[in-house]
Engineer: 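Before I ask anything, here is the structure I am working with.
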Amino acid sequence: TTKVTTTTSSTTTKVSTTSTSSTSTSAAAQPSGAGPSRVVGKTPALGWNSWNAYQGNINDAKIRAAADSIVSLGLKTSGYTYVNIDDCWSDISGRDNATNRIKPDTNKFPSGIKGVADYVHSLGLLVGIYSDAGTTTCAGYPGSLGHETTDAQTWAEWGVDYLKYDNCNVPGNWSDTYNGGADYDWYNSNSALRYRQMTTALASVASVRPIQYGICNWGNANVWTWGARVGHSWRMSGDSSATWSYITSIITQNTYYLDYVGMSSCNDMDMMEIGNGALTLNEQRTHFAMWAALKSPILLGTDLSKLNSTQLAILKNTELLAFSQDTTIGTPAKPYKTGTTPPEYYAGKSVKGTHVFVMNIGSAAASKVVTFSEVTGLTCTSCKVHDMWTGKDLGTFTTSYTVTVDTHDTIALLIT
Ligand code: GAL
């Protein structure tokens with residue numbers, strides 16, 4: 001059994017523990033049924049993550065530069081908070097022999113993760129770390145399976161605020177044993193148990209450091225059915241790419257599972273690609289608008305210093321971010337008209353009223369008709385239409401509003 005005592009002093013955060021350390025990959029933190037923290041993670045995470053920008057080529061300077069950019073570019077003012085370090089931060093040669101603790105690669109991070117965390121915190125931002133519910137991470141660095149309690153305590157001491165928890169290199173004895181039964185509860189699958197052990201470990205340090213928990217199991221094991229009981233968000237698929245086909249395919253996928261999205265629980269459509277690849281401006285607008293509309297985390301994934309002013313304006317759009325970060329209504333926009341893949345017409349509520357998002361998935365500009373009687377939740381026939389992108393009122397319309405939507409663009413309206 002593992003006994004954990006946590007002590008907090010006014011100036012420093014110290015987590016001390018008496019535990020039988022385990023070097024095996026068996027359960028280190030028996031799932032207690034404790035859920036994720038309710039102190040953090042109410043709305044989808046807004047921030048930055050190192051992976052799409054740098055993959056494994058990360059270091060102290062790049063993480064600090066990203067944090068600096070979040071402040072200097074005004075992204076912090078817009079609500080971007082998390083500076084998340086992805087794979088390849090730790091010492092690939094393994095854990096500390098004496099303490100069994102995971103160690104930072106001191107060539108990449110000379111002042112450790114604690115040094116970076118202190119700096120990020122000094123800017124008023126929060127810091128995220130990455131690990132894996134297997135023996136090693138996808139890039140071959142130490143994993144946390146069987147070391148959950150030790151690692152949660154280590155991260156809490158360093159000042160970590162967010163964990164992305166990946167799914168590579170799972171030992172054979174942890175394979176799922178789904179028997180095909182219709183009533184099979186994936187919450188009790190080995191996949192979920194691996195993630196629940198970390199929930200328990202994070203709960204044991206939550207009074208010292210509440211840590212937001214992003215499950216990254218790529219949509220395996222029906223994660224949408226148990227994700228909300230285990231973490232704050234869950235990836236739905238393999239990795240993103242800076243392509244229109246990725247954007248449309250993940251939107252399609254998300255439309256099947258939107259009923260699982262709500263306050264403190266969201267489908268993670270993966271990190272943003274704005275600034276990467278050859279997405280057109282319209283495609284970048286759709287990327288951002290739909291991640292906001294469907295309430296995915298929005299974690300920027302590029303070298304922020306290279307974003308141009310148009311891209312920054314997209315990412316800082318006040319009304320779309322407000323929809324994403326609504327602290328009263330957690331429900332995402334949902335398709336109200338089908339017939340295309342992905343659907344083009346979505347509606348959702350915020351404290352301000354009903355919002356409509358219309359994508360044009362066609363390869364030419366097209367006229368789109370928002371027929372008020374078709375929009376879920378809308379009761380007006382003579383309705384005020386407001387453009388969320390520009391912040392301008394468009395006027396009052398009867399029965400419907402017709403607009404030309406450019407190829408691969410998305411319009412966003414508030415209708416009252
Ligand atoms: C993948 C994950 C990516 C990234 C990568 C790091 O499994 O989906 O987002 O974290 O591992 O190796």
Side-chain angles (χ1 to χ4, degrees), residues 44-59 62-63 66 82-94 102 104-105 108-109 113 116 127-145 151 155 160-171 174-176 191-192 194-195 198 211-224 227 230-243 245-247 249-250 253-254 257 266-277 287 291 296-304:
L46 291 183
W48 178 86
N49 172 295
S50 57
W51 186 256
N52 286 355
Y54 303 121
Q55 290 80 48
N57 301 316
I58 46 168
N59 58 38
K62 284 177 177 165
I63 306 301
Y82 287 98
V83 179
N84 290 354
I85 304 167
D86 208 282
D87 203 353
C88 310
W89 60 268
S90 66
D91 185 338
I92 198 165
S93 68
I102 204 163
D105 179 331
K108 293 173 183 167
F109 294 97
I113 300 303
V116 182
V127 72
I129 204 77
Y130 162 100
S131 192
D132 187 283
T135 50
T136 52
T137 72
C138 301
Y141 294 73
S144 294
L145 186 65
D151 290 353
W155 298 325
V160 164
D161 306 287
Y162 185 108
L163 170 66
K164 170 177 174 179
Y165 203 38
D166 214 339
N167 196 38
C168 277
N169 302 309
V170 178
W174 279 95
S175 297
D176 287 328
S191 279
R194 284 183 294 113
Y195 282 86
M198 185 55 82
I211 296 179
Q212 189 157 335
Y213 185 15
I215 298 166
C216 178
N217 82 332
W218 320 306
N220 287 334
N222 278 18
V223 61
W224 25 83
V230 176
H232 300 97
S233 64
W234 47 90
R235 279 272 300 279
M236 323 185 57
S237 70
D239 292 2
S240 66
S241 62
T243 58
S245 65
Y246 176 77
I247 291 171
S249 71
I250 195 73
Q253 163 102 342
N254 202 350
Y257 304 111
C266 47
N267 289 323
D268 180 349
M269 299 162 79
D270 204 5
M271 301 165 294
M272 302 300 287
E273 295 285 5
I274 291 178
N276 305 331
H287 184 5
W291 265 238
S296 170
I298 298 179
L299 294 170
L300 309 181
T302 199
D303 176 349
L304 297 172

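Every value quoted in this text rests on a predicted model; they were computed, and no experiment measured them. Numbering of residues begins at 1 and proceeds along the displayed sequence. Because only heavy atoms are used, hydrogens play no part in the values below, and waters and symmetry mates are left out as well, while side chains stay in. As the structure lists them, so they are numbered: ligands from 1, and atoms in each ligand from 1.
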Engineer: Distance only, no hydrogens: is a donor on one side chain within 3.5 Å (strictly under) of an acceptor on the other, for N167 and R194?
Structural biologist: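 There is such a pair (donor and acceptor under 3.5 Å, judged by atom type) between the side chains of N167 and R194.
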Engineer: Under a 4.0 Å heavy-atom cut-off, what residues line ligand 1?
Structural biologist: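 Residues near ligand 1: W51, D86, D87, Y130, C138, K164, D166, C216, W218, R235, D239, M271.
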Engineer: Any luck finding a side-chain donor-acceptor pair between N276 and T302 under 3.5 Å?
Structural biologist: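 The criterion, which ignores hydrogens and geometry beyond distance, is satisfied for T302 and N276.
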Engineer: One pair to check against side chain to side chain contact (heavy atoms under 4.5 Å, CB included): L163 and S131. What are the steps and the verdict?
Structural biologist: CA-CA 7 Å; L163 170 66; S131 192; 4.2 Å; yes
Engineer: Please report the C-alpha distance between D151 and S144 in whole Å, then the side-chain angles of each, then the deciding distance to 0.1 Å, and finally whether the side chain to side chain donor-acceptor pair (under 3.5 Å) criterion is met.
Structural biologist: CA-CA 7 Å; D151 290 353; S144 294; 2.7 Å; yes
Engineer: Between Y130 and D166, do the side chains contain a donor N or O and an acceptor N or O under 3.5 Å apart?
Structural biologist: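 Yes - a donor-acceptor pair under 3.5 Å links their side chains.
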Engineer: Does D91 have any salt bridge (charged side-chain N to carboxylate O under 4.0 Å, His left out) partners at least two apart in sequence or in another chain, and if so, which?
Structural biologist: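 Scan of D91 (salt bridge (charged side-chain N to carboxylate O under 4.0 Å, His left out), adjacent residues dropped) gives K103.
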